[in-house]
Amino acid sequence: MNRLDGRKNDEIRNIRIIRDYTKYAEGSVLIEMGDTKVLCNASIEDRVPPFLKNSGTGWITAEYSMLPRSTHQRKVRESSRGKVDGRTQEIQRLIGRALRSVINLDALGERTIWIDCDVIQADGGTRTASITGAFVAMADALYKLYRQKLIDKIPIKSFVSAVSVGILNGENILDLCYEEDSNAQVDMNIVMTDKGEFVEVQGTGEEFPFTKEQLYDLLELGEKGNRMLIDAQKRALGQISDLILGTKPQVV
Ligand code: UDP
């Protein structure tokens, strides 16, 4: 099949991860997956929500939003409507779960990491790009705590990234853009660690239910995409990635 942008079915879009994108957040990353662009900021707060007070454990929470002109038609800001819609809630919870799954929250101590993912431009796969970019922002924020000797090692157990896969005109494709996403028969988001484990799989074949065999093929495609994304995260993080992976001893 000829994809709109000339990619092969198992190719991801051009990925760009720019660290230190804005200056106040402890971790700030702009991630681009083709025309999808998301600013992911990670902020550290020295307290936890009430349910974790005096537990010695930390927390990670995420917010997600699309800027009004990130899409074809202007989208009214949710804050001006006074409520968060179901899709936004689903996405911000997904981002939070994905990041919590790879962090040792006990080793974080009683701190909260706030992740803010703001979509600057949407062309499909904004939730998956948010997860991939937020991981890098979170690693940067944790590295700052480590450099300040507030934690004795970076409490990251694994890398985590996410990619979309789908079935379009009977073919399995990786990393769908908006046009592909809106015509796909099956649409799936796959969140994985660098150890090849699945953190979350969200798949829908609303009008075109899919088989177990198709699911396996899509999972494999997702694994391939996530491997490429985790390589990009490692490249972006440079020596911090060695510290996380333990290939370099964690001594300040
Ligand atoms: N989209 C949009 N307006 C919206 C929601 C979505 O223009 O209110 C577009 C946007 O390009 C997005 C795509 O539809 O990336 C797919 O949306 P979906 O809800 O599947 O989430 P995503 O793939 O971005 O995680």
Side-chain angles (χ1 to χ4, degrees), residues 3-5 7 9 11-17 29-40 62-99 101 115-137 160-169 172-192 198-210 218-219 221-222 225-226 228-229 232-233:
R3 295 182 72 175
L4 285 167
D5 50 12
R7 274 184 293 154
N9 286 357
E11 231 179 294
I12 56 171
R13 289 175 285 184
N14 284 334
I15 176 168
R16 204 145 78 107
I17 297 175
V29 163
L30 179 81
I31 183 165
E32 298 181 3
M33 293 289 301
D35 285 339
T36 286
K37 299 174 195 235
V38 187
L39 172 62
C40 308
E63 295 197 354
Y64 163 99
S65 103
M66 291 173 82
L67 290 178
R69 257 346 273 279
S70 63
T71 59
H72 299 86
Q73 271 88 41
R74 182 174 186 275
K75 193 176 152 82
V76 180
R77 277 183 208 276
E78 284 179 317
S79 55
S80 56
R81 269 192 278 126
K83 68 175 197 256
V84 173
D85 71 24
R87 173 180 177 274
T88 299
Q89 278 204 25
E90 177 190 323
I91 294 178
Q92 49 199 26
R93 289 185 180 143
L94 170 72
I95 300 167
R97 286 195 299 273
L99 298 177
S101 76
I115 302 289
D116 292 296
C117 296
D118 288 286
V119 178
I120 292 172
Q121 187 168 278
D123 186 29
T126 60
R127 75 192 69 193
T128 50
S130 295
I131 291 170
T132 305
F135 174 82
V136 177
V160 69
S161 69
V163 74
S164 72
V165 293
I167 305 181
L168 179 62
N169 304 327
N172 297 338
I173 55 171
L174 181 61
D175 188 24
L176 285 66
C177 66
Y178 171 75
E179 196 73 25
E180 292 173 331
D181 182 278
S182 37
N183 293 303
Q185 287 85 51
V186 177
D187 164 26
M188 200 172 287
N189 292 299
I190 301 179
V191 185
M192 287 185 83
F198 295 101
V199 173
E200 193 142 339
V201 176
Q202 297 187 324
T204 316
E206 210 173 305
E207 286 169 64
F208 300 89
F210 52 92
L218 288 173
L219 292 178
L221 198 54
N226 276 309
M228 295 188 256
L229 294 172
Q233 290 174 325

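Whatever order the structure lists ligands and atoms in, that order sets their numbers, starting from 1. Note that the structure is a prediction, hence the values are computed from the model and not measured.
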ask   = Do any N or O atoms from the side chain of Ser164 and from the backbone of Leu176 form a donor-acceptor pair under 3.5 angstrom?
value = yes

task = Could you tell me whether some N/O pair between Thr128 and ligand 1 is separated by less than 3.5 angstrom?
result = no

message = Starting from atom 10 (C) of ligand 1, what is the nearest protein heavy atom, named by residue and atom, and what distance separates them?
response = Ala122 CB, 3.6 Å

request  = Using a strict cut-off of 4.0 Å, indicate which atoms of ligand 1 neighbour a heavy atom of Tyr178.
outcome  = 9 (C), 11 (O), 13 (C), 14 (O)

query = Judged by atom type as modelled, is there a donor-acceptor pair below 3.5 Å linking the side chain of Glu63 to the main-chain atoms of Ile115?
reply = no

inquiry  = Given 3.5 Å as the limit, does a donor-acceptor pair link the side chain of Ser70 with the main chain of Ala122, or not?
reply    = no

task = Provide the number and element of each atom of ligand 1 under 4.0 Å from a heavy atom of Lys75.
result = 4 (C), 8 (O)

task = Specify the protein heavy atom at minimum distance from atom 25 (O) of ligand 1: its residue, its atom name, and the distance to 0.1 Å.
result = Arg127 NE, 2.8 Å

task = Considering only non-hydrogen protein atoms, determine which one is nearest to atom 19 (O) of ligand 1 and report residue, atom name and distance to 0.1 Å.
result = Arg87 NE, 2.6 Å

ask   = Donor-acceptor pair, Asp181 side chain versus Cys177 backbone, under 3.5 Å?
value = no

message = Heavy-atom distances under 4.0 Å decide this one: backbone, side chain, both or neither, for Asp187 against ligand 1?
response = neither

ask   = Starting from atom 12 (C) of ligand 1, which protein heavy atom do you reach first, and at what distance in Å?
value = Gly124 N, 3.8 Å

key: From Ile131, Asp181, Asn189, Leu94 - option closest to atom 16 (C) of ligand 1 by heavy atom   = Asp181

key: Contact (N/O only, under 3.5 Å) between His72 and ligand 1   = no

query = Do any N/O atoms on Gly125 end up under 3.5 angstrom from N/O atoms on ligand 1?
reply = yes

Main-chain N/O of Cys117 paired to Ser130 side chain as donor or acceptor, under 3.5 Å = no

request  = Please determine if Met66 has a nitrogen or oxygen closer than 3.5 Å to a nitrogen or oxygen of ligand 1.
outcome  = no

ask   = Is there a donor-acceptor pair closer than 3.5 Å between any side-chain N or O of Ser182 and the backbone N or O of Tyr178?
value = yes

remark   = For Ser101, the side-chain contact (heavy atoms from CB on, under 4.5 Å) test, sequence neighbours excluded, returns Val199

message = Using modelled atom types and a 3.5 Å cut-off, is there a donor and acceptor pairing between side-chain atoms of Arg13 and backbone atoms of Asp35?
response = no

query = Checking Thr132 side chain against Thr128 main chain: does a donor-acceptor pair fall under 3.5 Å?
reply = yes

query = What do you reckon, does Thr126 have a nitrogen or oxygen under 3.5 Å from a nitrogen or oxygen of ligand 1?
reply = yes

ask   = Which of the atoms of ligand 1 are close to Thr71, meaning less than 4.0 Å from one of its heavy atoms?
value = 2 (C), 3 (N), 7 (O)

